[in-house]
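Source: prediction; values computed, not measured.
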Amino acid sequence: MSPTLSRAARGLARRVDWYIVALFGAIGVATLAPAEGQAAEAVSWMTRVAIGALFFLYGARLAPSAVLEGVRHWRLHLPVLALTFAAFPLIALAIGLLAERMLGAELTAGVFFLAVLPSTVQSSIAFTSMARGNVAAAVCSASFSTVLGVVLTPVLAVLLIRRTEGGGLPLGLGQLADIAVQLLLPFLAGQMVRRWIADWLRRYRAVISVCDRGSILLVVYSAFSRGMTTGIWQRVSPARMALLGALCVVLLCSALLLADRSARALRLPREDRVTAVFCGATKSLASGLPMASVLFPAGRVAMTVLPLMLYHTLQLVVCAWLARRRPTAHHAPHTEAGAGDPAPTG
């Protein structure tokens, strides 16, 4: 290989998000070699443990000071939260109901579930930093959104998905117990022990990140293994996938535009407008995949998370492009509040 081609290959390798490749690789493995019988039971058990561990780590890594700071900077964070948990679901409701006949109830439920997820932490902060926005505010806003999402996302998902034909999501006592045991209690436990393990988490940040991502890959493999037993690829035609991709584009563009316009209407400084755009328009894959595994029946999880995985891939590409195009004349202030903590993935 010539030196020019070698340099081009290395440059391409640096630009590829290998985690996204791994996510779709997990889908490929589940398609070719789904877990069955006792193996499926073992994978299901490991997935439940992994989900509890993920939310324990989320709680342990979120600095309470970052959340409290979010309350103080309400002129920025209130509009971001309103977009995340109110405007975004309303946009998805309008779009989803119009396209439900063509998408089907399960994919429409997945679009609604995507709409009520909290903002991503790691990507929001990374994009804000690239665009020279207010990184301190991004840490606070994304952290605050994650905390609220543990409680608000299941409730809003039930309210929205109830409107789909045959795609209703009843919230019974068993589901409430699962939400508490697998999501809320581990998160609160992480917050309680944070003072004793925060330094250890910072010291082994790379190892924790691998565990994070490995757990999410396990959740994806488990979901699509179950999906294979219900014939997921027979139910999702190329036309439906194309329509779903188009809807994700519309959702992302609408969210980005609304976040930017509302920030300008409030006359926020440029750095805060950057934060509003990237925290208000992004959705968390790391929170969404485990939540879907708890909220939805096992046979529906794969169909439900397809919109989320498409949207997540799209937001990485589009937001990275936008962040590089943002003016870089001003530099964002940085903060120590939560900055040294490893952030949840995706």
Side-chain angles (χ1 to χ4, degrees), residues 58 61-92 115-153 156 191 251-284 286-287 311 315-316 318-341 343-344 346:
Y58 293 169
R61 289 180 299 193
L62 283 178
S65 58
V67 179
L68 292 175
E69 182 62 30
V71 177
R72 285 194 285 269
H73 198 357
W74 64 270
R75 283 190 70 247
L76 168 63
H77 302 308
L78 191 59
V80 169
L81 292 174
L83 176 60
T84 301
F85 295 113
F88 208 117
L90 289 175
I91 295 170
V116 299
L117 288 172
S119 174
T120 173
V121 176
Q122 183 171 326
S123 297
S124 297
I125 295 169
F127 293 141
T128 300
S129 178
M130 286 169 61
R132 299 294 187 261
N134 188 340
V135 178
V139 172
C140 299
S141 185
S143 300
F144 203 29
S145 178
T146 299
V147 172
L148 288 180
V150 174
V151 177
L152 286 182
T153 293
L156 292 174
Q191 283 280 288
L251 275 174
L252 180 59
C253 292
S254 300
L256 288 168
L257 183 63
L258 188 56
D260 182 68
R261 292 295 179 266
S262 57
R264 289 179 186 276
L266 291 169
R267 298 183 179 179
L268 295 176
R270 178 206 167 271
E271 290 83 1
D272 285 353
R273 291 202 307 270
V274 170
T275 301
V277 166
F278 292 124
C279 289
T282 56
K283 292 293 183 176
S284 176
S287 295
Y311 187 91
Q315 79 182 11
L316 289 179
V318 173
C319 290
W321 178 76
L322 285 175
R324 291 190 183 99
R325 287 176 58 87
R326 287 273 173 171
T328 57
H330 304 286
H331 290 271
H334 289 260
T335 181
E336 294 180 2
D341 297 335

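- Once rounded to the nearest 0.5 Å, the distance linking CG of L90 with CZ of F85 reads 13.5 Å.
- Of all heavy-atom pairs between V80 and A276, the closest is CG2-CA, 3.8 Å.
- Of the options L252, L258, D260, a side-chain contact (heavy atoms from CB on, under 4.5 Å) to L256 is made by L252 and by none of the others.
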Full working for side-chain contact (heavy atoms from CB on, under 4.5 Å) between L152 and V116: CA-CA 8 Å; L152 286 182; V116 299; over 6 Å; no
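- Here the side chain of S262 pairs a donor or acceptor atom with the backbone of A259 at under 3.5 angstrom.
- Using a 3.5 Å distance cut-off with no hydrogens or angles, the side chains of T120 and T282 do not pair a donor with an acceptor.
- Between F127 and F278, the two ring planes are tilted [angle within 30° to 60°].
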Could you please spell out the steps behind the side-chain contact (heavy atoms from CB on, under 4.5 Å) verdict for K283 and T84? CA-CA 8 Å; K283 292 293 183 176; T84 301; 3.6 Å; yes
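- Two residues are said to be in side-chain contact when any heavy atoms from C-beta on lie closer than 4.5 Å; L316 and S123 meet this criterion.
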Decide side-chain contact (heavy atoms from CB on, under 4.5 Å) for V274 and R270; before the verdict, give the C-alpha distance in whole Å, the side-chain angles of both, and the deciding distance to 0.1 Å. CA-CA 6 Å; V274 170; R270 178 206 167 271; 4.0 Å; yes
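- At a threshold of 4.5 Å between non-hydrogen side-chain atoms, the residues S284 and T146 do not count as touching.
- A side-chain donor from one of S119 and S124 sits under 3.5 Å from a side-chain acceptor of the other.
- Side chain of R75 to backbone of L268: no donor-acceptor contact under 3.5 angstrom is found.
- Judged by distance alone, the side chain of R132 and the main-chain N or O of S129 form a donor-acceptor pair under 3.5 Å.
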